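Below is one structure; the comments refer to it alone.
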Number of protein chains: 2
Amino acid sequence: MDQRQALSAFAALAQVTRLQIVRVLVVAGPDGMAAGMVAEKTAVSPSNVSFHLKELERSGLITQKRESRSIIYTANYNTLGGLIRFLMEDCCAGNPEICLPVAAVAACCAPKVEEKLQ
Amino acid sequence: MDQRQALSAFAALAQVTRLQIVRVLVVAGPDGMAAGMVAEKTAVSPSNVSFHLKELERSGLITQKRESRSIIYTANYNTLGGLIRFLMEDCCAGNPEICLPVAAVAACCAPKVEEKLQ
DNA sequence: TCCATATTTCAATAATCCTTGAATTATTGA
DNA sequence: TCAATAATTCAAGGATTATTGAAATATGGA
């Protein structure tokens, strides 16, 4: 992820409706969720949700696929991960030791990380 | 970090000048950098840099302290770390196993993380 | 006190972004 | 083909944000 992509992702996440949509889709998992259901879950009008879904797609944070009459949106974990990496690289750039507490942030995945590192 | 703070931080980082400022200050480390020097490094006018520094401070990403005639700005690693955690918790919320690759992002601090986990 | 330096504040303009509701497109089943 | 469902697109507005240059504030030294 380069700076241009990161800027686009930050802009996408800097809006309350879009941030909610991303969270809803992350929880929905790899099966994703239809646009109408996203509108329902977030209590936002279909046309407005559609506007924000398009923004999120432009930034690579979600993808879409048609399935019959519905359009299914899915969170893009790679982009989310890329954004986290971008932030961490920034953070570690100059001062790795200051950044250590940030690395400990992996706590939310900690059990699995420990497994992996053995 | 709650959603409100995360939104504010995302908005702060979603602007090319501000993102550059943050990167400059992160590299500058705990000693920080005077506003004028930030303006020089980023090639932005003093008044404009001042505007963006204020935005970054409002979002908690940087702090300021006066030192003689200069005002020294310093990156706030806690906020950066909090934002990373916020993203990771989102990401791990529903599907920890999908999120694992993201945990591996700690690679940029990997040697130190491994040390710590032993 | 006066001047120079460092930075911020202000007002005005320009640019971008968000929301709304109506109209449009696409898909499916009768 | 027609009607119903699911979603997008469009135009208009209102709101927010960014940039500029000039004026104001704060500090330290002559």
Side-chain angles (χ1 to χ4, degrees), chain A residues 3-25 28 31-76, chain B residues 3-25 28 31-76:
Chain A
Q3 173 169 296
R4 200 194 107 273
Q5 289 177 294
L7 274 170
S8 165
F10 285 135
L13 295 172
Q15 208 282 334
V16 65
T17 301
R18 284 196 296 262
L19 186 55
Q20 276 167 215
I21 291 175
V22 168
R23 304 186 97 174
V24 162
L25 289 180
D31 288 348
M33 188 182 284
M37 191 65 178
V38 173
E40 213 171 283
K41 286 256 184 198
T42 55
V44 174
S45 76
S47 97
N48 196 13
V49 116
S50 179
F51 169 80
H52 288 303
L53 285 168
K54 200 172 55 175
E55 292 292 302
L56 286 169
E57 211 199 0
R58 277 198 329 125
S59 76
L61 284 164
I62 66 175
T63 56
Q64 67 163 199
K65 61 173 184 241
R66 180 174 278 275
E67 202 155 278
S68 178
R69 269 184 267 210
S70 298
I71 297 184
I72 308 292
Y73 286 90
T74 311
N76 185 341
Chain B
Q3 173 172 296
R4 200 194 105 274
Q5 289 176 294
L7 274 170
S8 165
F10 285 135
L13 295 172
Q15 206 283 334
V16 65
T17 300
R18 285 196 295 263
L19 186 55
Q20 276 166 218
I21 291 175
V22 168
R23 304 186 97 173
V24 162
L25 289 181
D31 288 346
M33 188 181 284
M37 191 62 179
V38 173
E40 211 171 285
K41 285 255 184 199
T42 55
V44 173
S45 78
S47 98
N48 196 14
V49 115
S50 178
F51 169 80
H52 288 303
L53 285 169
K54 200 173 57 174
E55 292 293 302
L56 286 169
E57 212 199 0
R58 277 198 330 123
S59 76
L61 284 164
I62 66 175
T63 57
Q64 66 164 199
K65 61 174 184 244
R66 180 173 281 275
E67 204 155 276
S68 178
R69 269 185 270 210
S70 297
I71 296 184
I72 308 292
Y73 286 90
T74 310
N76 184 340

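Letters A, B, ... are given to chains in the order of the sequence lines, protein chains preceding strands, and every chain is numbered from 1. Everything quoted here is computed from the prediction, not taken from an experiment.
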A:Glu55 vs A:Ser68, nearer the 5' end of DNA chain C by closest nucleotide: A:Glu55
Pairwise 5' ranking along DNA chain C for A:Ser45 and A:Arg69, keeping only the more 5' one: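 Result: A:Ser45.
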What contact category does [X] fall into here, base, sugar-phosphate, or nothing, at under 4.0 angstrom with non-hydrogen atoms?
{"X": "B:Ala11", "result": "nothing"}
{"X": "B:Ala34", "result": "sugar-phosphate"}
{"X": "A:Gln15", "result": "sugar-phosphate"}
{"X": "A:Ser50", "result": "base"}

Nucleotide opposite C:dG29 in a Watson-Crick or G-U pair, distances under 3.5 Å: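 D:dC2 - that is the nucleotide pairing with C:dG29, both distances being under 3.5 Å.
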What's the separation between atom [atom1] in [X] and atom [atom2] in [Y], rounded to the nearest 0.5 Å?
{"X": "A:Met37", "Y": "A:Glu40", "atom1": "CE", "atom2": "CD", "answer": "5.5 Å"}
{"X": "A:Arg23", "Y": "A:Lys41", "atom1": "CZ", "atom2": "NZ", "answer": "14.5 Å"}
{"X": "B:Gln15", "Y": "B:Phe51", "atom1": "CD", "atom2": "CZ", "answer": "8.0 Å"}

Mind calculating the distance between [atom1] ([X]) and [atom2] ([N]) to the nearest angstrom?
{"X": "A:Glu57", "N": "D:dT8", "atom1": "CD", "atom2": "C1'", "result": "12 Å"}
{"X": "B:Lys65", "N": "D:dT27", "atom1": "NZ", "atom2": "P", "result": "16 Å"}
{"X": "A:Phe10", "N": "D:dT17", "atom1": "CZ", "atom2": "P", "result": "18 Å"}
{"X": "B:Arg66", "N": "D:dA26", "atom1": "CZ", "atom2": "C1'", "result": "5 Å"}
{"X": "A:Ile62", "N": "D:dA7", "atom1": "CD1", "atom2": "P", "result": "13 Å"}
{"X": "B:Phe51", "N": "D:dT16", "atom1": "CZ", "atom2": "P", "result": "14 Å"}

Phosphate OP1/OP2 of D:dA22 contacted by B:Ser47 side-chain N/O (<4.0 Å):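 So the side-chain polar atoms of B:Ser47 never come under 4.0 Å of the phosphate oxygens OP1 or OP2 of D:dA22.
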Phosphate contact (D:dA6 OP1 or OP2) by A:Tyr73 side-chain N/O below 4.0 Å: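 No, no such contact exists.
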Range on DNA chain C touched by chain A, heavy atoms, distance below 4.0 Å: C:dC18 to C:dT28
Evaluation steps, salt bridge (charged side-chain N to carboxylate O under 4.0 Å, His left out), between A:Lys54 and A:Glu57: CA-CA 5 Å; A:Lys54 200 172 55 175; A:Glu57 211 199 0; over 6 Å; no
Nearest-nucleotide 5' precedence on DNA chain D, B:Arg58 against B:Glu67: B:Arg58
Pairwise 5' ranking along DNA chain D for A:Ile72 and B:Thr17, keeping only the more 5' one: A:Ile72
From [options], residue fulfilling side-chain contact (heavy atoms from CB on, under 4.5 Å) relative to [X]:
{"X": "A:Tyr73", "options": "A:Ile21, A:Leu53, A:Val22", "answer": "A:Leu53"}
{"X": "A:Ser45", "options": "A:Thr42, A:Asn48, A:Val49", "answer": "A:Asn48"}
{"X": "B:Leu25", "options": "B:Thr74, B:Leu61, B:Ile72, B:Val38", "answer": "B:Val38"}

